[in-house]
Number of protein chains: 4
Amino acid sequence: MGVKKVDGRLERGRRAKAAILSAAIDIFSEKGFDGTQTSEIARAAGYAESTVFLHFKNKHGLVLAIMQDFYRGLMDGANIILATTHDGEEQLVALVQHYLVELLKGWRIVRLFATIARYTEDETLEQFMEHNRAYTGLYIDIFEGLKADNTFREDVDARQLRDMLFGTIEHYAMANFTRASSPDIGVFIERTFSILFYGAKSDSSLSAASRNESGVDKKLDAILALLGDQDKKGA
Amino acid sequence: MGVKKVDGRLERGRRAKAAILSAAIDIFSEKGFDGTQTSEIARAAGYAESTVFLHFKNKHGLVLAIMQDFYRGLMDGANIILATTHDGEEQLVALVQHYLVELLKGWRIVRLFATIARYTEDETLEQFMEHNRAYTGLYIDIFEGLKADNTFREDVDARQLRDMLFGTIEHYAMANFTRASSPDIGVFIERTFSILFYGAKSDSSLSAASRNESGVDKKLDAILALLGDQDKKGA
Amino acid sequence: MGVKKVDGRLERGRRAKAAILSAAIDIFSEKGFDGTQTSEIARAAGYAESTVFLHFKNKHGLVLAIMQDFYRGLMDGANIILATTHDGEEQLVALVQHYLVELLKGWRIVRLFATIARYTEDETLEQFMEHNRAYTGLYIDIFEGLKADNTFREDVDARQLRDMLFGTIEHYAMANFTRASSPDIGVFIERTFSILFYGAKSDSSLSAASRNESGVDKKLDAILALLGDQDKKGA
Amino acid sequence: MGVKKVDGRLERGRRAKAAILSAAIDIFSEKGFDGTQTSEIARAAGYAESTVFLHFKNKHGLVLAIMQDFYRGLMDGANIILATTHDGEEQLVALVQHYLVELLKGWRIVRLFATIARYTEDETLEQFMEHNRAYTGLYIDIFEGLKADNTFREDVDARQLRDMLFGTIEHYAMANFTRASSPDIGVFIERTFSILFYGAKSDSSLSAASRNESGVDKKLDAILALLGDQDKKGA
DNA sequence: GATGAATGAGTCTTCATTCAT
DNA sequence: TATGAATGAAGACTCATTCAT
């Protein structure tokens with residue numbers, strides 16, 4: 001019973017902190033860092049402005065806490081996927097799927113992190129880059145695996161691939177999540193990997209262009225020609 | 001004499017405006033919109049703070065002017081390329097080449113536009129989106145042309161391609177332009193189009209998945225068939 | 001058992017109060033009234049901030065308590081000196097000696113009292129002035145005694161003397177106690193009373209000015225007179 | 001005429017600055033540094049609060065400006081006195097006279113400087129100490145001159161004398177200037193120098209006390225005795 | 001007796017923008 | 001055209017103090 005009493009106090013504090021954090025996410029998301037007033041966060045959370053500073057050191061401290069929460073969730077999910085899937089390509093698709101879902105929930109705060117990071121040099125930036133490095137590192141590992149696997153060409157640069165993938169996703173998210181309509185993540189993944197894996201070029205084009213360069217096509221044609229001749233002759 | 005006076009005045013005004021704009025670009029680029037003070041711009045330009053507001057309506061007005069200048073230059077260059085190149089793929093490469101060079105000069109202000117656009121709903125946003133639409137529209141047109149051409153698969157989505165291309169470029173620019181070392185644009189373009197056109201997958205991998213759809217497989221089948229015939233004959 | 005509990009509680013409370021008071025002295029001394037935060041006092045004392053207000057009405061209440069303690073100690077010492085010494089001059093020297101020692105221990109809090117008193121009109125000021133009046137009154141009494149005694153000139157103003165003495169001491173304390181090196185109180189007392197009792201002027205200088213009033217001159221005149229007689233006789 | 005126009009602008013700024021400074025003196029004097037709000041200063045001066053920060057960098061900047069003004073006036077006056085008076089004692093009296101008059105006008109701000117200096121470690125403290133050193137240095141020089149002169153005893157410590165003089169003056173100022181009644185500076189100077197030059201002791205006391213210690217008296221008595229004997233003998 | 005949580009009332013300082021000259 | 005002066009509207013953050021437990 002005595003324990004319950006004490007817990008009640010702690011519980012109260014925890015609730016306040018959570019409420020403030022939640023309000024902060026909403027308002028930061030909508031208005032950006034500089035556009036958000038701590039007073040508004042407090043009001044939205046139902047507490048006095050000073051209470052914000054009781055639970056968080058700074059306005060920046062709020063962002064830091066939000067960031068930590070977001071990336072913890074993201075990494076937890078990713079690790080589960082990696083632990084339960086073993087094929088590289090499957091992992092890739094599952095991770096992107098998961099990332100897109102998380103991004104769909106929190107793209108506005110990710111956008112917040114990015115904007116802050118661009119014009120700041122302090123702890124916030126470092127934290128953000130650290131989280132990012134950790135997360136995108138998972139993909140690099142998979143890409144390298146797929147190269148070792150001979151699934152991917154060995155002349156493909158893993159970081160280039162990562163940049164293309166995340167660049168594409170970010171671009172997509174910013175462009176599509178803004179709208180009210182829920183985007184079709186499945187289609188996006190399919191299209192993205194279709195190009196990422198097989199390229200945009202059509203067969204006929206390939207034979208004319210790249211295949212000419214790789215020589216495979218020419219050799220095959222030569223073989224066919226030779227075989228045809230042989231055939232005729234033999235006939 | 002009266003004319004001269006007026007001309008002199010106009011000239012003087014123009015020079016002030018240009019100086020302020022130039023200073024604004026520098027400081028906005030480095031510190032972002034909210035982080036920049038009009039007083040600092042004025043100081044850097046060598047004019048009084050109030051002179052800034054003599055030539056520009058607003059702090060936002062400065063950004064608008066910068067944006068106009070940037071996109072005018074970008075579009076002018078692009079149009080020259082389009083007028084002097086006729087092959088779709090060549091246009092694509094030339095445009096990206098040009099875009100990267102412009103971006104290398106002004107990526108920090110593009111970043112500025114983007115961050116402002118995210119948390120603003122006014123004229124700045126509209127202008128930015130309008131400029132963007134106009135520019136990326138050029139690419140959409142080319143992509144469509146390449147599809148009509150049968151250079152690109154018909155199941156490829158032009159906007160998806162555009163998103164991938166610009167997403168990749170943006171990601172690359174943000175990641176690489178920050179550093180002092182000048183990045184190798186040629187390598188980047190090569191790698192990017194290599195994947196965009198032909199995909200990341202290796203041949204052996206392709207045989208399992210897409211090769212069935214590509215012509216290589218068919219040719220190999222043909223060869224096998226021919227060989228099979230030979231075999232029979234030889235038997 | 002019940003009694004023990006209560007005693008224990010009282011004991012506990014007393015200990016907390018003392019700890020807080022002690023911490024308050026340290027921090028107030030170093031940072032002044034406005035520069036000190038109650039939270040810091042609490043932290044230094046090892047208690048929660050709210051506990052400070054359990055034992056003291058106010059931030060000002062802390063100062064009041066410190067003041068009471070300081071002056072109680074000072075007066076107790078002074079009264080012992082007065083009770084055990086009977087010659088006015090000796091009392092004076094002993095009191096100053098004692099005061100300087102106490103001041104050396106607590107000059108920073110005396111300084112605190114003084115600064116607070118200057119910009120406050122409430123209880124703190126009154127208490128401080130009352131304590132001061134009581135203490136310096138001891139000196140006035142001695143000065144008056146020394147005048148009645150004919151030890152001091154009757155045209156000397158007792159309060160003027162008190163002001164000079166305390167002014168000098170305060171000036172000395174503020175100037176010398178700040179440094180780490182322990183000042184030589186003995187030398188200071190000697191020098192101070194030397195000037196206070198006999199003045200700064202040298203004998204030769206005195207002969208021109210005040211010596212006429214002092215006996216030395218008369219005696220020298222007598223000598224001269226006598227010598228003059230001798231001279232005449234010898235002639 | 002054109003000049004007048006420009007001057008008008010500058011004049012306006014000067015007037016504002018002066019008004020703010022004047023208001024700041026009043027309010028700082030009454031309420032101390034921490035007790036004063038910049039908003040109140042502005043209100044009293046008839047300007048917006050932000051105008052205060054247009055003319056002064058800081059709240060501290062106000063104090064610094066006030067200090068500069070005060071000490072400039074003080075030093076200017078002192079230097080005139082030193083340039084027009086040549087006898088050390090006269091200089092001393094004239095300087096103290098002048099100092100007291102200045103202090104009577106501005107004792108509250110001097111008190112302000114002192115209180116700030118006690119709990120601050122920044123520029124304000126340094127400036128204050130520097131000004132103080134410069135001013136009291138004038139007195140040290142005079143004291144040394146009077147010692148070289150043999151007007152003062154050579155065993156008198158110049159800095160001790162300075163401390164006593166300024167300690168006394170400060171004590172007097174704080175004690176007497178607070179009251180509405182204008183204090184009699186002439187009487188104070190007379191009394192102070194009377195004790196500082198000749199000491200508090202009466203003649204009879206001197207013969208009994210210090211003279212016994214100094215031995216002068218004894219020697220004179222011995223001479224008298226000897227001469228008396230001689231006289232008797234010779235008679 | 002002790003305290004964690006909460007807060008109201010500041011407080012200085014910033015900065016884009018206006019305006020008279 | 002150019003600007004010095006002036007300001008209103010914030011805006012983040014502080015801190016002594018209260019109170020329920």
Side-chain angles (χ1 to χ4, degrees), chain A residues 2 4-17 34 36-40 42 47-60, chain B residues 5-6 8-17 34 36-42 47-60, chain C residues 5-6 8-17 34 36-42 47-60, chain D residues 2 4-17 34 36-40 42 47-60:
Chain A
K4 239 185 180 174
K5 255 185 191 168
V6 172
D7 269 350
R9 288 230 294 247
L10 292 178
E11 185 58 34
R12 199 170 148 221
R14 233 187 290 281
R15 218 180 312 140
K17 191 164 184 171
D34 289 302
T36 295
Q37 299 157 236
T38 53
S39 62
E40 195 182 351
Y47 288 88
E49 191 174 2
S50 49
T51 306
V52 172
F53 295 93
L54 176 68
H55 291 286
F56 302 92
K57 189 191 165 199
N58 257 354
K59 202 182 172 185
H60 278 280
Chain B
K5 237 188 195 170
V6 171
R9 275 204 194 169
L10 282 177
E11 186 55 37
R12 213 170 123 214
R14 228 186 290 282
R15 216 181 313 139
K17 192 165 183 170
D34 289 302
T36 295
Q37 297 151 241
T38 53
S39 62
E40 196 182 350
I41 293 173
Y47 288 87
E49 193 175 1
S50 46
T51 306
V52 172
F53 295 90
L54 178 68
H55 293 284
F56 302 92
K57 186 192 164 198
N58 254 350
K59 200 183 173 184
H60 277 279
Chain C
K5 240 186 192 170
V6 172
R9 275 206 192 167
L10 282 177
E11 187 54 35
R12 212 168 125 216
R14 229 186 289 282
R15 219 180 311 140
K17 191 164 184 172
D34 289 301
T36 294
Q37 297 153 241
T38 53
S39 62
E40 196 183 350
I41 292 174
Y47 288 86
E49 194 176 0
S50 45
T51 306
V52 172
F53 295 90
L54 179 68
H55 292 285
F56 302 91
K57 187 193 166 196
N58 254 348
K59 200 183 173 185
H60 277 280
Chain D
K4 240 187 179 172
K5 254 186 192 166
V6 173
D7 269 348
R9 286 232 292 249
L10 292 177
E11 184 59 33
R12 198 169 148 223
R14 232 188 289 282
R15 218 179 314 139
K17 191 166 184 170
D34 290 302
T36 294
Q37 299 157 236
T38 53
S39 62
E40 196 182 350
Y47 288 88
E49 192 174 1
S50 50
T51 306
V52 172
F53 295 92
L54 175 69
H55 292 286
F56 302 92
K57 189 191 165 201
N58 256 356
K59 200 183 172 185
H60 276 280

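None of these values were measured; they are calculated from a predicted model. Atoms considered below: every heavy atom in the structure, side chains included; atoms not considered: hydrogens, waters and symmetry mates. Residue numbers begin at 1 in each chain, while the letters A, B, ... track the order of the sequences.
Distance NE2 (H60(B)) to P (dA16(E)): 11 Å, rounded to an integer number of Å. In this structure, Q37(D) places its CD atom 5 Å from P of dT11(E), rounding to the nearest Å. Rounded to a whole Å, the CZ atom of R14(B) is 11 Å from the P atom of dT1(F). If you take CD of E49(D) and C1' of dA9(F), they are 12 Å apart, rounded to a whole angstrom. With rounding to whole Å, K17(A) atom NZ is found 15 Å from dG4(E) atom P. Going from atom NZ of K59(B) over to atom P of dA10(F) covers 16 Å, rounded to whole Å. In this structure, E40(C) atom CD and dT14(F) atom P are separated by 14 Å, rounded to whole Å. Rounded to whole Å, atom P of dA16(F) lies 20 Å from atom OH of Y47(C).
Here dA6(E) is the nucleotide among dA2(E), dA6(E), dA16(E) with the atom lying nearest to any side-chain atom of A16(A).
Contact record, F56(C) with K17(C): CZ-CG, 3.5 Å, taken as the closest heavy-atom pair. Contact between T38(D) and F53(D) at its shortest, heavy atoms only, is CG2-CZ, 3.8 Å. Residues E49(B) and S39(B) come closest through the heavy atom pair OE2-N, 3.4 Å.
Between D34(D) and T38(B), the residue anchored closer to the 5' end of DNA chain E is D34(D), taking for each the nucleotide with the nearest heavy atom.
For dC15(F), neither phosphate oxygen OP1 nor OP2 lies less than 4.0 angstrom from any side-chain nitrogen or oxygen of S39(C). The shortest distance between the side-chain N/O atoms of N58(A) and the OP1/OP2 oxygens of dC13(F) is below 4.0 Å.
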**Bracket notation of DNA chain E in which parentheses pair within the strand, [ ] cross earlier pairs, and | pairs with another strand (Watson-Crick or G-U, under 3.5 Å)** = .||||||||||||||||||||
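Of the residues in residues 50-57 of chain A, those placing a heavy atom less than 4.0 Å from an atom of DNA chain E are S50(A), T51(A), L54(A), H55(A), in numerical order.
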